[in-house]
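Both ligands and their constituent atoms are indexed starting at 1 by order of listing. Since the structure is predicted, the reported quantities are computational estimates derived from the model, not experimental observations.
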Amino acid sequence: MRQCKIIKPLLKMTPPDPTSFRPKDIMGLLEFAKYFAAKDELGGLGEKEIYDTIRFWTMSVRDYLEEYFESDVVKAHLAGSAIIGTALGPYSPGSAYVLLHHYMGEVDGTVGAWGYSRGGMGSITKAMAASLKANGGDIIAGSPVTKILIKNNRSHGVVLENGDEIFADKLVSNLDVKRTFLKVVEKKELPDDFYNAVKNFKIRGSSGKLNIALDDLPIWKSIPEGDPAGTGDLHITQSIEEMEGAYDDWKDGRWSKFPYVDMCIPSINDPTMAPQGKHYMSVFVQYVPYNLTDGGWTEEKRLEFGNM
Ligand SMILES: Cc1cc2nc3c(=O)[nH]c(=O)nc-3n(C[C@H](O)[C@H](O)[C@H](O)COP(=O)(O)OP(=O)(O)OC[C@H]3O[C@@H](n4cnc5c(N)ncnc54)[C@H](O)[C@@H]3O)c2cc1C
């Protein structure tokens, strides 16, 4: 948790450029030094903790958990947060940091807690839309952006699929970096090295999602009826070795035969998520390739995956 507190504020900072001697970058480097290099009594990590931190950032979650736990089930349970949503396995260097990253969030001041948004994730964007409209904004939806208009190295508008053009002084793209710079900005507008850096940026899908409509709550063999354990996050996994095997399947372009499963039933805590008396289960499955080696996704394979 101490590492979380140190790293969390850094995530929102633009990293200083160590090759520039601009005052802003020099101040930024000093700020970093305060975090890392300063002695403990000056608010930094101190020598021993710097060593531990660097070691921690580069180690695998398997090696990390081996140092603290004996039980395979406990290690596998904790390792889930180190691989979920990533293209890493529990033996991969750097996966220990992902575990920390997933404990960095907080709900109402409780560090490491996860929360539900009432009404589902869509209620967040609905609230954002309502706030924008309440402040005089307009929302135009239903026709994707096909081109960002650029003149003299500055964006000044967009073209929509239906042919409409919208002009603006400032433009913010919420598309991911590849869609923004490889699809809707023309290549001729970008420096070659920047274009190639975006092209080489890795976005490889590694997770699958099942949303299951339930007539009633499931009966778990190992969780007594009404036990609070059934209302939280449920992980299905056996051992770290099995998780690494699941990762091997993904590398071969197949969904995992024995996946790591992380699921919950949001309708227990938020009845608005399902019709009255019914329930909804959200199931996160790791690993699932975006591109399957045996000819890509089809409706048949999608159903096969869902029925696995
Ligand atoms: C299975 C799964 C589980 C997750 N679980 C969690 C979780 O529990 N907690 C958490 O915090 N995060 C979670 N995440 C991550 C989270 O969902 C994403 O980080 C978040 O949705 C990213 O938001 P965004 O607005 O940047 O992008 P997106 O949500 O991808 O929004 C981009 C939007 O742009 C639209 N678009 C695309 N092309 C165009 C175009 N040409 N013109 C106009 N619009 C276009 C898309 O349709 C989309 O609506 C999860 C992700 C996945 C895949």
From [atom], is the closest protein heavy-atom distance below 4.0 Å?
atom: atom 13 (C) of ligand 1; result: no
atom: atom 28 (P) of ligand 1; result: no
atom: atom 37 (C) of ligand 1; result: yes
atom: atom 45 (C) of ligand 1; result: yes

### Query
Taking only heavy atoms of Trp114, which atoms of ligand 1 are found under 4.0 Å from at least one of them?
7 (C), 8 (O), 9 (N)

### Task
Give the atoms of ligand 1, by number and element, whose distance to some non-hydrogen atom of Pro144 is under 4.0 Å.
40 (C), 41 (N), 42 (N), 43 (C)

### Query
Using 4.0 Å as the upper bound for N to carboxylate O, is an ion pair formed by Arg254 and Asp252?
yes

### Message
Does Asn200 have more than 12 heavy atoms from other residues, nucleotides or ligands lying within 6.0 Å of its CG?
### Response
yes

### Message
Using the ring centroid of each side chain, check whether Tyr195 and Phe181 are separated by less than 6.0 Å.
### Response
no

### Message
Just to verify, what does Phe167 make a side-chain contact (heavy atoms from CB on, under 4.5 Å) with, not counting sequence neighbours?
### Response
Leu149, His156, Glu165

### Query
Sequence neighbours excluded, which residues qualify as side-chain contact (heavy atoms from CB on, under 4.5 Å) partners of Arg302?
Glu299

Among all protein heavy atoms, pick out the one at the shortest distance from [atom]; state its residue, atom name and that distance to 0.1 Å.
atom: atom 31 (O) of ligand 1; value: Asn174 ND2, 3.7 Å
atom: atom 43 (C) of ligand 1; value: Val145 N, 3.7 Å
atom: atom 4 (C) of ligand 1; value: Phe284 CE1, 4.0 Å

Please find the pair of heavy atoms, one from [X] and one from [Y], that lie closest to each other, and give the distance.
X: Met243; Y: Tyr287; value: O-CE1, 3.8 Å
X: Ile83; Y: Gln286; value: O-NE2, 3.0 Å
X: Ser117; Y: Ile124; value: CB-CD1, 3.9 Å

### Task
Under 4.0 Å, heavy atoms only, figure out whether ligand 1 is touched by the backbone of Ser207, its side chain, both or neither.
neither

### Query
Backbone, side chain, both or neither: what part of Leu175 comes under 4.0 angstrom of ligand 1, heavy atoms only?
side chain

